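Down below is the structure, laid out as structure tokens.
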Amino acid sequence: MYSHDIVIVGSGLAGLRAAMELVGQLDVAVVTKVYPSRSHSGAAQGGVAAALGNVDDDSVEAHIYDTVKGSDFLGDQDAIEILCSDAPRTIYEMEHLGCPFSRTDDHKINQRAFGGHSYLRACFSADRTGHALLHTLVEQTYKQGGRLRVYSEWHMNRLIIQDGVCRGVVVMDIKTGKLEVLRAKAVLFASGGYGQAFKITSNAAANTGDGIVAAYRAGVPLQDMEFVQFHPTGLYEHGILLTEGARGEGGYLINADGDRFMSRYAPSKMELGPRDIVSRSEQTEINEGRGAGPNKDYVLLDLRHLGKQKIMERLPQVYNLAKDFIGVDCTEDPVPIQPTAHYSMGGIPADNDCQVYLDENGEHVEGFFVAGECSCTSVHGANRLGTNSLLEALVFGRRAGKKMLDAEPGLARAAVDEERELAAARDEIEVLYAGDGSEDLNAIRDELKETMTYQLGVYRCAEDMQQAQHTIKGLRERFRKVQVKNRGKQFNLNLLETLELSNMLEYSELIVDGGLAREESRGAHFRSDFSTRDDVNWLRHTLAFRTDDGGHELRYKPVTITRFQPEERKY
Amino acid sequence: MAVSKVTFRIQRFDPAVDREPHDQDFEIELPPGITILKALNKIRAEKDPTLALRYSCGSAICGSCAVRVNGHARLACKTQVSDCTTNGVLRVGPIGNLEVLRDLVVDMEPFLASLDRVKPYLVAGNGAAPEYERKQSPDEFLKIDPSTTCILCAACYSDCNVLAVDDDFVGPASLAKAHRFIFDSRDVDTADRMRAISEKTGVWDCTHCGECSTRCPTETKPLERIEEIRTKAMTDGFHGNPGARHALGFRETVGKRGLLDENYLPARSMGFLNLPGLLSLVPIGLRMVMRGKNPPLIPHSIDKVDEVKKTFARFEELRK
């Protein structure tokens, strides 16, 4: 057993930013199942939002309103106010740490347009903004030298909460297969999203919701799990992200007839409508037979008119991805695209200081904090605006760090029954070796991903979701017969992906049931059988509690509304 | 869609049972347009669940999946199987210059530790941080844009020919990282960085074979960055080290005679007052004499040496 003051699970922007706040003052450890520089924050492309007003007369006020409206009024407005107000300071801080930003002619940080934002608000580093920010924080870890303990390539198996107090985590060294207890006064989860449950997804293989499921199994509810964002420009069949910045720079979306179809769905914002609306518009084009390609199952992102120079300077990664993965030269041909599962709005509920809620009445888990995509604060509500996620990770990562520093003197390193915790983690693994092997891990995972993409996608309805519910129930039964066939200790991917599939099956059920219960359309959750927003019955957050039999119970809590009353959302 | 049969010849190593790595063939049917990463995962799913590799983002930005394909480092996620198959066979192994832990997984620690040698973070000066962003021109940003695209995949480190014979060389990725700060208009530590990187194991130890830039999957292209640092070292007067003296001596002898004076150059590089350094050249000098490989003792010039001198003079004018 190792002891630290603070254990942070996840090494993306939120985790590293929190660590920076604490290192040198407390004994901090970061646990990551990859290496910090490989965290998925690095895959974000187009920008990070802040009302700097460097290229127009943007204001924090406008950023707040755009985010509230973008969230389809499900976002908690007090949290959104914190997010947007702290944005300029956050960007300047990252610049001061050395983050490279693309510049204006008067040498300030340049800003580009992004969907749902009414001003040029996205600060960017070409189309590798997440990469630039992440590597800036990784550089800071070098500056800390040995003062920050990083457990790279350790998998987090269990969260230890006992008597309402968080006491640490059980982790596994992927290099050796050894289980260890990491004991701490406080634990921060900054462990990312859950997009791997979908077949067409922009998410990394690592995004299997390990953090949210560990919290859920330890007795913490999960909030708004039914809200999954589909990004409008996933590379056809691969799901790989092509940045919204491509449209921010002036790119068009066209159907098989070459028609800029967004004129029919969001006439004032066109291609820069918010993601939920643009993705649905694309799907409608495809469903109504105007898709391109032999199977008419994609639409096209057309950048040709931007010219080669602008593409190479502002969108080099888009150029390379289209070229390397599907062999399309986007300076000469439009790129086949389709909506791709992208961002998890749902997650572990927390207050504005990142302290985790235990229920709908505001009870907290002592010593347990969350930040970034695994959390649900909720600043994104039913639909996140592009560029607000990098911002959230930085703003709330810092807040979590500060809060833990404040709280630490009052937190004891609570007793942990090491043997019991290790045994529990060992049992969870042993049961995966004990299956009769009549079912195949890959078959179950493929079926889950197909189900989620095709029945819980851009358009949802009761019939599809009931079918998905039935399918996933069956998959969970079949999962018991899966057997881990690799008995090796070092780098046992077979064991890891089985643990991950167990997580995916567990949270997918919550996406389905939350979606089925929510009989309205709001943000990313659109039901063809309840196609309007219902503020009377559904202006509230879903909370899913795990029950003792492995099932769950849905309860609800109100949305925090401070300044902006819900209104019809038009673009 | 047509399916083709491909034999993946994969280097295997399980530390629990193997003393040495060995190759194992997997014959697999693949649809067209499939990447090496997808094929490797298909092999894991269908043939052998014990195969170990690293991967995550699947879109060439996380840098996890560098492996050697047919002997050269590449990102598995962005490399098409069809581009690498000869007579239906394709070889995959772990990247080089790092210890193999299992199958395609190597120990990344020496690579990551090498970055620590170039102070891999911005040094911003002592004054209080400004209220807003520091100013930087678009051109100044573009100078560091290539070196900031590095994803730390270690493909360059793997195929570096200097690292293969000299563990002390700081390596191409670290030199690119150094470049990122040396050329950052906001960094105030330029002179110290230049001094440190000019020492032994630094920027002059690269033999410019170009493997790093050929293997680099991003715009980082370490060799180009190394050349920019060297040019800066010469311009800024960081001449007090064997690497710089070698470059200067090279120019002096070619400028004077139209060809290299191979007796002068080693002594010039080492420094004429550096007695231990000069003595260290004696054994190799003697071996060359014994094998008749020593250059002529009295240096001569080429026939049209005036032309060479004119060219050099013209370069000098242009440089000014």
Side-chain angles (χ1 to χ4, degrees), chain A residues 34-35 37-40 42-43 52 91-93 95-98 100-110 125-126 128 130-132 135-136 139-140 142-143 145 152 175 202 204-206 238 240-241 316-317 320-321 324-327 440-442 484-486 488-494, chain B residues 14-16 33 35 44-46 48-64 77-80 101-103 105 108 112 115-116 119-122 124 129-138 140-142 144-145 148-152 177 180-181 184 186-187 218-219:
Chain A
V34 289
Y35 276 89
S37 68
R38 296 170 176 181
S39 306
H40 200 52
L52 303 184
I91 299 305
Y92 295 139
E93 177 180 83
E95 197 282 334
H96 296 158
L97 291 174
F101 283 106
S102 296
R103 299 287 170 149
T104 61
D105 287 337
D106 59 351
H107 303 185
K108 294 178 180 171
I109 292 172
N110 205 351
S125 182
R128 319 178 189 95
H131 167 84
H135 280 253
T136 300
E139 287 160 9
Q140 292 300 310
Y142 278 92
K143 193 174 180 181
S152 289
K175 287 184 263 313
S202 68
H238 293 264
I240 291 172
L241 174 68
Q317 193 177 181
N320 287 330
L321 289 170
D324 293 339
F325 286 89
I326 55 171
D440 177 47
L441 162 83
N442 299 286
V484 177
K485 298 204 170 72
N486 179 0
K489 291 286 181 200
Q490 293 96 350
F491 281 94
N492 188 338
L493 300 191
N494 191 206
Chain B
D14 178 353
T35 60
R44 285 199 313 112
E46 294 171 11
D48 188 346
T50 69
L51 179 64
L53 66 148
R54 286 192 178 107
Y55 62 96
S56 190
C57 79
S59 53
I61 190 70
C62 79
S64 299
C77 74
K78 67 174 252 183
T79 306
Q80 294 287 322
L101 298 179
R102 180 171 187 159
D103 297 337
V105 177
M108 295 299 292
L112 294 171
L115 295 171
D116 214 6
K119 216 191 274 184
Y121 46 84
L122 191 88
E131 195 179 343
Y132 302 104
E133 72 267 54
R134 278 168 304 214
K135 298 297 174 70
Q136 185 169 55
S137 72
E140 285 166 341
F141 166 76
L142 287 177
I144 57 167
D145 191 37
T148 59
T149 64
C150 175
I151 56 175
L152 304 180
K177 190 56 125 176
R180 181 244 167 288
F181 294 106
D184 191 326
R186 302 167 297 175
D187 190 275
T218 72
E219 300 309 311

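From a predicted model like this one, the values you see are computed outputs, not experimental measurements. Each chain gets a letter, A, B and so on, in the order the sequences are listed, and its residues count up from 1.
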With a 4.5 Å cut-off on heavy-atom pairs, point out which of [options] contacts chain B the most.
options: A:Leu97, A:Ile91, A:Asn110, A:Val34; answer: A:Leu97
options: A:Lys108, A:His238, A:Lys175; answer: A:Lys108
options: A:Gly327, A:Gly145, A:Ser102; answer: A:Ser102
options: A:Arg128, A:His131, A:His40; answer: A:His131

Does any backbone or side-chain atom of [X] lie under 4.5 Å from a heavy atom of chain A? Answer side chain, backbone, both or neither.
X: B:Lys177; result: side chain
X: B:Glu219; result: side chain
X: B:Arg134; result: both
X: B:Phe141; result: side chain
X: B:Leu51; result: backbone
X: B:Leu152; result: both
X: B:Thr149; result: both
X: B:Gln80; result: side chain
X: B:Pro15; result: side chain

Apply side chain to side chain contact (heavy atoms under 4.5 Å, CB included) to B:Ser137 and A:His107, showing your working.
-> CA-CA 5 Å; B:Ser137 72; A:His107 303 185; 3.3 Å; yes

Given the options [options], which has more heavy-atom pairs under 4.5 Å with chain A than any of the others?
options: B:Ser56, B:Ala16, B:Gly33; result: B:Ser56
options: B:Ala60, B:Gly63, B:Cys77, B:Ser64; result: B:Ser64
options: B:Leu112, B:Ile144, B:Thr218; result: B:Leu112
options: B:Gly58, B:Ala124, B:Pro130; result: B:Pro130

Side-chain ([X]) to main-chain ([Y]) donor-acceptor, under 3.5 angstrom:
X: A:Asn494; Y: A:Lys485; answer: yes
X: B:Arg54; Y: B:Val105; answer: no
X: A:Asn492; Y: A:Asn486; answer: yes
X: A:Ser202; Y: A:Ile240; answer: no

Exercise: identify the closest heavy-atom pair between [X] and [Y]:
X: B:Asp187; Y: B:Tyr121; value: OD2-O, 4.1 Å
X: A:His135; Y: B:Cys150; value: CE1-O, 3.5 Å
X: B:Gln136; Y: A:Arg103; value: O-CG, 3.2 Å

For atom OH of A:Tyr142, decide whether the heavy atoms of other residues, nucleotides or ligands shown that lie under 6.0 angstrom number more than 12.
-> yes

Any chance NZ of A:Lys489 has more than 12 other-residue heavy atoms, nucleotides or ligands included, within less than 6.0 Å?
-> no

Looking at residues at least two apart in the chain, or sitting in another chain, which of them share a side chain to side chain contact (heavy atoms under 4.5 Å, CB included) with A:Asn442?
-> A:Asp440, A:Arg445, B:Ala45

According to the interplanar angle, ranging from 0 to 90°, do the rings of A:His96 and A:Tyr92 count as parallel (below 30°), tilted (30 to 60°) or perpendicular (above 60°)?
-> parallel

Side chain, backbone, both or neither: which part of [X] has a non-hydrogen atom closer than 4.5 Å to chain B?
X: A:Ala132; result: neither
X: A:Tyr35; result: side chain
X: A:Asp106; result: backbone
X: A:Leu493; result: both
X: A:Gln317; result: side chain

Quick one: do B:Arg180 and B:Asp184 make a salt bridge, cutoff under 4.0 Å?
-> yes

